[in-house]
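The next block holds one structure in the form of structure tokens; read it before the comments.
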Amino acid sequence: MYSQCPECMTIFKLGGAELAAAHGSVRCSHCNAIFDALPSLSEQLPPEPIGKLPRHATQAAPPQLDLPVFRPNRGDQGALFADPQDRSRTHERPASVPQFTRRHRPRQAGGNGRWVLGSFVLLLLLGGEIAWAKRSLWLDDSGLRPMLEDVCANLHCQLPLRRDDNLLQLASRDIRPHPSVAGALIISATLQNVADFAQPFPTVEITLSNLDEQRIAMRRFRPGEYVNDPRSLERGLAPQAKAALVFEVADPGKDAVAFEFSFH
């Protein structure tokens with residue numbers, strides 16, 4: 001049989017062993033592409049010049065095979081019709097009542113209360129787990145935040161800082177060679193919180209790219225890596241406040257001509 005690579009249009013000769021090895025997936029030895037050999041599978045080549053092998057039409061239901069070639073004779077199945085002399089007579093059959101026809105005591109009504117209560121408790125637990133997994137959506141929502149703060153104040157607890165990365169801006173940024181470490185760069189920036197509420201310091205991602213805007217280096221800095229004061233980390237960035245950020249990174253080479261900041 002024959003199949004054609006859809007990338008380089010090379011036609012290969014293959015057999016059932018190659019098709020069965022990976023359920024029809026094969027690798028082209030010319031362009032190294034992996035493709036499905038079944039859509040273009042053909043028993044013989046068309047007359048030259050050969051262009052593109054025709055592809056088989058797909059259908060939702062699998063085709064039915066109607067021409068059997070061989071069916072093994074299984075000796076353990078026994079005869080289809082038993083000898084009448086081998087059949088047990090009515091008076092020789094056991095008189096006991098089959099298990100599936102025996103009467104069972106009816107279940108008493110009202111025994112599902114515990115199941116209903118257990119299902120209700122499980123639903124409450126499931127709702128609590130979903131609310132906890134999506135807690136950042138509740139805590140950062142501008143409409144729900146005041147109510148949550150009132151509830152937490154009555155319970156003598158403290159909510160984590162509200163966060164909105166869209167309200168964090170870079171007032172300035174700069175990159176220069178490290179003055180004392182060879183093969184290193186110093187990237188500085190000024191981060192400003194334009195929100196009317198304090199925000200936690202974000203995880204800063206710095207990406208260096210070349211002239212074709214292809215990324216050649218990337219690193220993420222967690223807040224503890226660029227803020228040394230634990231009290232500042234706990235208080236966060238105050239409303240309308242600015243913070244000077246300094247990062248030391250390895251120099252990826254002269255191809256790095258642009259850099260970009262993003263917050264996570």
Side-chain angles (χ1 to χ4, degrees), residues 125-264:
L125 293 176
L126 179 60
E129 291 181 356
I130 295 177
W132 176 256
K134 302 295 184 181
R135 61 187 181 278
S136 59
L137 298 178
W138 306 94
L139 296 175
D140 297 336
D141 186 84
S142 59
L144 295 176
R145 182 73 184 200
M147 294 186 294
L148 295 176
E149 290 178 347
D150 294 339
V151 173
C152 196
N154 295 329
L155 298 177
H156 304 286
C157 61
Q158 184 176 1
L159 295 176
L161 294 175
R162 182 180 169 186
R163 177 176 175 178
D164 188 349
D165 293 339
N166 296 324
L167 299 179
L168 294 174
Q169 297 181 357
L170 285 177
S172 63
R173 59 179 185 173
D174 182 50
I175 183 171
R176 61 187 182 276
H178 200 290
S180 58
V181 180
L185 300 174
I186 289 183
I187 300 177
S188 58
T190 301
L191 178 65
Q192 182 178 6
N193 177 22
V194 298
D196 56 357
F197 51 87
Q199 293 201 68
F201 286 92
T203 297
V204 180
E205 179 181 294
I206 302 178
T207 303
L208 301 177
S209 56
N210 57 16
L211 288 174
D212 297 328
E213 298 183 354
Q214 295 179 348
R215 184 176 66 182
I216 60 177
M218 186 273 289
R219 183 177 174 183
R220 289 182 178 179
F221 295 87
R222 290 177 293 183
E225 296 180 288
Y226 63 85
V227 179
N228 298 325
D229 187 8
R231 291 176 298 180
S232 298
L233 282 176
E234 184 178 357
R235 291 193 303 265
L237 192 58
Q240 305 301 322
K242 297 181 179 180
L245 312 181
V246 178
F247 307 96
E248 296 180 347
V249 298
D251 189 353
K254 61 181 180 180
D255 293 336
V257 297
F259 65 102
E260 181 182 1
F261 282 82
S262 59
F263 307 124
H264 302 278

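Residue V257 comes nearest to N210 through the heavy atom pair CG2-C, 3.6 Å, listed as atom of the first residue, atom of the second, then distance. The shortest heavy-atom contact between P202 and L191 is CD-CD2, 3.9 Å. Of all non-hydrogen atoms in L167 and A195, the two that sit nearest each other are CD1-CB, 3.4 Å. The heavy-atom pair separating L170 from A189 by the smallest distance is CD2-CB, 3.9 Å. Nearest heavy-atom pair across L233 and G224 is CD1-CA, 4.1 Å. Among all heavy-atom pairs drawn from Q192 and L237, the shortest one is C-CD2, 4.2 Å.
Shown here are the salt bridge (charged side-chain N to carboxylate O under 4.0 Å, His left out) partners of E248, two or more places apart in sequence or in another chain: there are none. In this view, R220 and E205 satisfy the salt bridge (charged side-chain N to carboxylate O under 4.0 Å, His left out) rule, not counting sequence neighbours. Annotation: salt bridge (charged side-chain N to carboxylate O under 4.0 Å, His left out) contacts of D229 (sequence neighbours excluded): R231. Not counting sequence neighbours, the partners of D165 by the side chain to side chain donor-acceptor pair (under 3.5 Å) test are R163. Residues satisfying the side chain to side chain donor-acceptor pair (under 3.5 Å) criterion with T190, sequence neighbours excluded, are S172. Here D196 pairs with nothing under the salt bridge (charged side-chain N to carboxylate O under 4.0 Å, His left out) rule; sequence neighbours left out.
Under the 4.5 Å side-chain criterion, counting only non-hydrogen atoms from C-beta, T203 is not in contact with F221. Between I206 and R219, every side-chain heavy-atom pair lies at or beyond the 4.5 Å cut-off.
Below 30°, between 30° and 60°, or above 60°: for F201 and Y226 the angle between ring planes is above 60°, a perpendicular geometry.
Side chain of D212 to main chain of Q214: no donor-acceptor pair is present (N/O by atom type, distance under 3.5 Å, no hydrogens or angles). No side-chain donor-acceptor contact under 3.5 Å links D174 to the backbone of S188. Judged by distance alone, the side chain of Q240 and the main-chain N or O of V194 form a donor-acceptor pair under 3.5 Å.
One distance of note links CG of L161 with CD of Q199; it measures 8.5 Å at 0.5 Å rounding. The distance from the CD1 atom of I186 to the NE2 atom of H178 is 4.0 Å, given to the nearest 0.5 Å. Put simply, OG1 on T207 and CD on E213 are 12.5 Å apart, with the number rounded to the nearest 0.5 Å. Distance check, rounded to the nearest 0.5 Å: NZ of K242 to CG of N193 gives 12.0 Å. In this structure, CZ in F261 is found 13.0 Å from CG in L168, a value given to the nearest 0.5 Å. Atom CD1 of I175 is separated from atom CG of L185 by 4.5 Å, given to the nearest 0.5 angstrom.
Electrostatic pairing of R162 and D164 does not count as a salt bridge here, judged by no charged N lying under 4.0 Å from a carboxylate O.
Judged by the 6.0 Å and 45° rule, R173 forms a cation-pi pair with F259.
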